[in-house]
Amino acid sequence: MFNTIGDVKAALSAQRYIPSDEIATTVFLAEKLGKPILAEGPAGVGKTELAKVWAAATGRELIRLQCYEGLDETKALYEWEYAKQLLYTQLLRDKLNDLLAGVTTLAEAADRLAAEEDVFFSSRFMLPRPLLKAITSERPVTLLIDEIDRADAEFEAFLLEVLSDFQVSVPELGTIRARHQPMALLTSNNTRELSEALKRRCLYLHIDYPTAEQELQIVNLKVPGLPPKLAQQAVELVQRLRGMDLKKHPSVSETIDWARALLELNARHLDRATVETTLNVLLKFEGDLQRARRATVRDEGDRARRERDEFGRPRRDDESGRFRGN
Amino acid sequence: MDQRVVDFIHALRAQGVRISLAESIDAMRCVEIAGVADKQFFRSALRASLVKEPRDLPTFDELFPRFFGLDTPPPLQQPGGGMSPEERERLAQMLQQMLASLTPEQLRRLFEMMMTGQGMSGSQMRQFIDENTTATQTTTGFQPWATRRALRELQFDRLEQLLQELLQKLREAGVSEAALQQLEQEARENREALAQQIGREVGNGLQQREAEERRRRPVEDLQDRPFEELKYQDDDDMRVIINRLAAQLRTRVALRQKRANKGSLDAKSTIRANLRYSGVPLDIRHRRKHLKPRITVICDVSGSMRAVTGFMLMLVYALQDQISRTRPFVYYRTIADVQADFQQLRPEDAIRVVPERVQGGPWQTSLGACLEIFTRDHLDAIDRRTTVIFLGDGDDHMSPPNPRAFETIKRRAHRVVWFNPEPPYRWGREDNHMHIYAPMCDAVHHVSNLRQLVAAVDGLFS
């Protein structure tokens with residue numbers, strides 16, 4: 001599908017996603033080696049988005065498995081549809097009677113029934129969950145296993161078979177092999193250590209917050225109507241917020257949301273009032289908000305003072321200026 | 001190239017990055033596919049297949065340029081470019097004469113390489129160094145020192161003197177001054193290149209020895225040794241022991257949870273399971289009662305406590321998958337939230353830096369005041385599901401006991417447990433306030449060695 005790493009980059013860019021060299025290389029290797037990718041990094045840097053654009057770029061269907069504590073095989077892999085089985089048994093009672101007509105001994109009746117047993121334990125009564133769907137799919141798919149760190153360690157161990165051999169064992173049916181090997185992407189927010197065995201089977205991709213330059217590119221791509229100067233200022237502010245000691249740093253998706261908000265509000269430039277009213281799009285904790293507000297006020301004070309300096313006028317608040325400057 | 005990648009993997013392992021055989025095979029395949037033409041892609045390919053922990057990325061970034069960077073020493077050149085043929089003839093002759101009588105052998109080889117420009121490959125050079133120098137160091141931190149030492153043993157500084165001798169002889173034989181100057185210049189450049197190559201190979205040798213040393217060392221069972229006797233600085237052994245203990249604990253916990261059907265009846269699952277008995281409930285299913293504990297650890301990091309605190313925190317972090325949330329605090333003279341440190345660093349490294357956050361010296365533990373600060377600033381670390389673990393000897397040299405703050409913590413928490421490495425007969429003596437806090441705890445464990453510590457931690461999961 002892809003011949004060079006450049007192809008991957010172009011294909012992902014065509015889906016309006018800006019991949020770093022790191023991301024493009026890893027996706028390329030995953031395609032070539034057929035290995036799953038484990039993407040780690042802070043929330044909201046585009047890990048899930050990567051799976052979506054990867055699927056779109058290769059024209060595959062995306063199958064998503066969201067992990068949570070207590071997720072088990074019956075919810076991730078398959079489940080027998082007991083109700084349907086029961087219903088069929090009831091409806092087919094007449095047929096069963098026909099089948100058993102003329103039988104004299106109990107043993108013979110049991111044998112005849114056993115011969116038909118497969119009807120009830122076939123894929124017809126099986127409810128496929130995401131993993132089985134991905135494996136039995138007629139067409140190649142991209143499998144997204146989201147937030148694997150939320151699932152239990154046992155589930156992780158169960159995933160090993162699926163991820164290394166792309167097969168699952170169903171006791172009643174035997175082993176089901178994948179027709180097309182799905183391309184798998186696992187994401188983790190690093191809330192706990194994943195097992196060595198799982199990591200060993202994956203290519204590892206660490207996605208961090210983008211640089212100012214990349215983020216500006218992203219904002220320009222996702223929010224095209226935003227004036228360039230405003231975009232620049234917005235990204236600068238976000239980057240500065242990330243440097244601060246906050247409970248939760250603004251993610252890329254929040255930057256985009258904020259940029260959209262600014263566009264909606266028809267903002268021309270980032271003045272204090274605009275920042276004050278829209279900052280809650282970026283920061284989700286009251287403490288963080290207050291800290292960020294204090295910082296922006298301080299910055300503005302600094303800038304105002306600098307401007308006065310440029311015009312050669314005497315500074316009035318010399319004392320406090322020196323103090324804050326430190 | 002393959003050899004270089006293998007060497008690189010060895011070096012990463014020597015620095016404590018865990019790389020399995022399967023991963024090194026993957027790395028080879030990745031390199032094959034990504035190619036070596038574009039360095040950025042090559043680097044990403046190695047990184048994606050070898051480094052699986054964010055905290056190992058700096059190690060990778062540091063080592064990569066050393067192996068695949070541009071700082072490879074410049075190649076040797078043949079001196080005597082500016083000479084006429086007969087002058088060159090004379091140079092070869094003189095050199096032969098000098099080399100014939102030159103001792104020791106290694107100096108002869110060096111001088112020959114310097115004057116003829118015919119160097120050695122990396123592995124040859126390594127062998128040459130190994131044969132002619134004594135290696136005593138096994139840590140890469142000693143590289144500059146070991147390089148200086150190797151150069152001294154090879155009598156590298158005598159090369160200058162030999163060069164001057166040769167130049168003098170050539171001058172007497174009537175070689176032009178300009179040619180001689182050029183020769184001297186070229187010979188000096190060769191000497192620098194040689195020194196660089198030696199330095200590099202010494203470094204590689206050190207890395208290899210370090211890796212071997214690590215492999216050879218046996219891991220003894222240290223469970224019953226008192227903490228003071230454990231060599232706390234030995235990261236790797238500790239990690240092995242702790243991981244083994246954590247695995248034991250994990251199986252024990254899992255088994256206990258499997259056997260104990262204490263949860264409430266799971267009606268749905270029971271109906272489903274008993275369809276095959278036509279709805280007669282023969283097989284009763286229970287909802288798993290699998291509440292992972294939330295843990296807030298408050299650790300004493302005074303000198304006497306540091307070893308046991310280190311082990312405790314490493315154990316807790318090795319068991320992260322069994323715990324839903326961990327909040328570590330350390331106290332000495334004051335108390336600090338050190339969660340950020342543990343998120344950024346490996347637990348064993350974090351333990352080393354956190355004492356700096358709570359500045360204190362000998363006899364400066366002030367537990368009472370720290371409890372006061374904790375109840376004022378950090379009570380959000382405790383809710384009704386949290387088990388609070390105090391890890392300390394209960395000594396307090398600076399402030400009076402603070403049962404009121406302790407009571408506040410206890411009221412908010414699910415459980416309060418104290419791990420104390422001091423034997424009970426010392427509680428309450430001199431500056432020790434353990435006898436005041438002990439009755440208020442839900443459980444007090446005396447932990448003086450790893451076995452006791454593991455037993456105490458095991459208690460948290462039941």
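Everything numeric here is computed off the predicted structure, so don't read it as measured data. Just so it is clear, the values below take in all heavy atoms, side chains as well, and ignore hydrogens, waters and symmetry mates. Chain A is the first sequence line, chain B the second, and so forth, proteins listed ahead of strands; every chain is numbered from 1.
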Would you call the rings of B:Phe342 and B:Tyr317 parallel, tilted or perpendicular if under 30° counts as parallel and over 60° as perpendicular?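 Ring orientation of B:Phe342 relative to B:Tyr317: parallel.
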
Next on the checklist: Please identify, among B:Ser20, B:Ala22, B:Ser49, B:Ser44, the residue contributing the most non-hydrogen atom pairs under 4.5 Å to chain A.
Outcome noted: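 Looking at each option in turn, the highest pair count goes to B:Ser44.
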
* To do: Output the option from B:Arg43, B:Glu23, B:Gln40, B:Arg325 having the highest count of non-hydrogen pairs under 4.5 Å with chain A.
  =>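 Option with the top pair count is B:Glu23.
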
Exercise. Under 4.5 Å heavy-atom distance to chain B, tell me which part of A:Ile37 shows up: side chain, backbone, both or neither.
Key: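 It is neither, since no heavy atom gets under 4.5 Å.
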
Turns out that what part of A:Glu40 lies under 4.5 Å from chain B's heavy atoms comes down to side chain

Are the aromatic ring centres of B:Phe8 and B:Phe60 under 6.0 angstrom apart? yes

Is any side-chain N of the basic residue among [X] and [Y] closer than 4.0 Å to the acidic one's carboxylate O?
X: A:Asp21; Y: A:Lys9; answer: yes
X: B:Arg47; Y: B:Asp61; answer: yes
X: B:Lys268; Y: B:Asp266; answer: no

Flag, side chain of [X] to backbone of [Y], donor-acceptor distance under 3.5 Å:
X: A:Tyr88; Y: A:Phe125; result: no
X: A:Arg112; Y: A:Leu99; result: yes
X: B:Arg13; Y: B:Ile19; result: yes

Those residues of residues 194-206 of chain A that come under 4.5 Å of chain B on a heavy-atom basis, listed by number, are A:Glu196, A:Lys199, A:Arg200, A:Cys202, A:Leu203, A:Tyr204, A:His206

Worksheet entry | Those residues of residues 72-79 of chain A, ordered by number, that approach chain B below 4.5 Å (heavy atom to heavy atom) |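 Within residues 72-79 of chain A, the residues that come under 4.5 Å of chain B (heavy atoms only) are A:Glu79.
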
By a 4.5 Å heavy-atom criterion (distance strictly below it), what part of B:Leu57 contacts chain A: side chain, backbone, both, or neither?
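The side chain, not the backbone.
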
Checklist entry - Below 4.5 Å, heavy atoms only, C-beta onward: do B:Asp380 and B:Arg327 meet side chain to side chain? => result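 B:Asp380 reaches B:Arg327 side chain to side chain.
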
- Item | Side-chain heavy atoms of A:Leu71 within contact of A:Phe158, under 4.5 Å |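 When only atoms from C-beta onward are counted, A:Phe158 and A:Leu71 do not touch, as no gap falls below 4.5 Å.
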
So how far is it from A:Leu29 CG to B:Cys30 SG, rounded to the nearest 0.5 Å?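 It is 4.5 Å, given to the nearest 0.5 Å.
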
Among A:Asp208, A:Thr4, A:Leu33, which residue forms the greatest number of heavy-atom pairs with chain B at distances under 4.5 Å?
->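 Maximum pair count with chain B is reached by A:Leu33.
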
| Most heavy-atom pairs under 4.5 angstrom with chain B, which of A:Ile23, A:Ile5, A:Thr26? |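 Most heavy-atom pairs under 4.5 Å with chain B: A:Ile5.
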
task = Please list, chain by chain and in numerical order, all residues satisfying side-chain contact (heavy atoms from CB on, under 4.5 Å) with A:Thr58, sequence neighbours excluded.
result =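 In terms of side-chain contact (heavy atoms from CB on, under 4.5 Å), with neighbours along the sequence ignored, A:Thr58 is linked to A:Met1, A:Phe2, A:Glu31, A:Trp54, A:Arg60, A:Thr142.
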
Taken in chain and number order and not counting sequence neighbours, the residues that satisfy side-chain contact (heavy atoms from CB on, under 4.5 Å) with A:Leu87 are A:Leu91

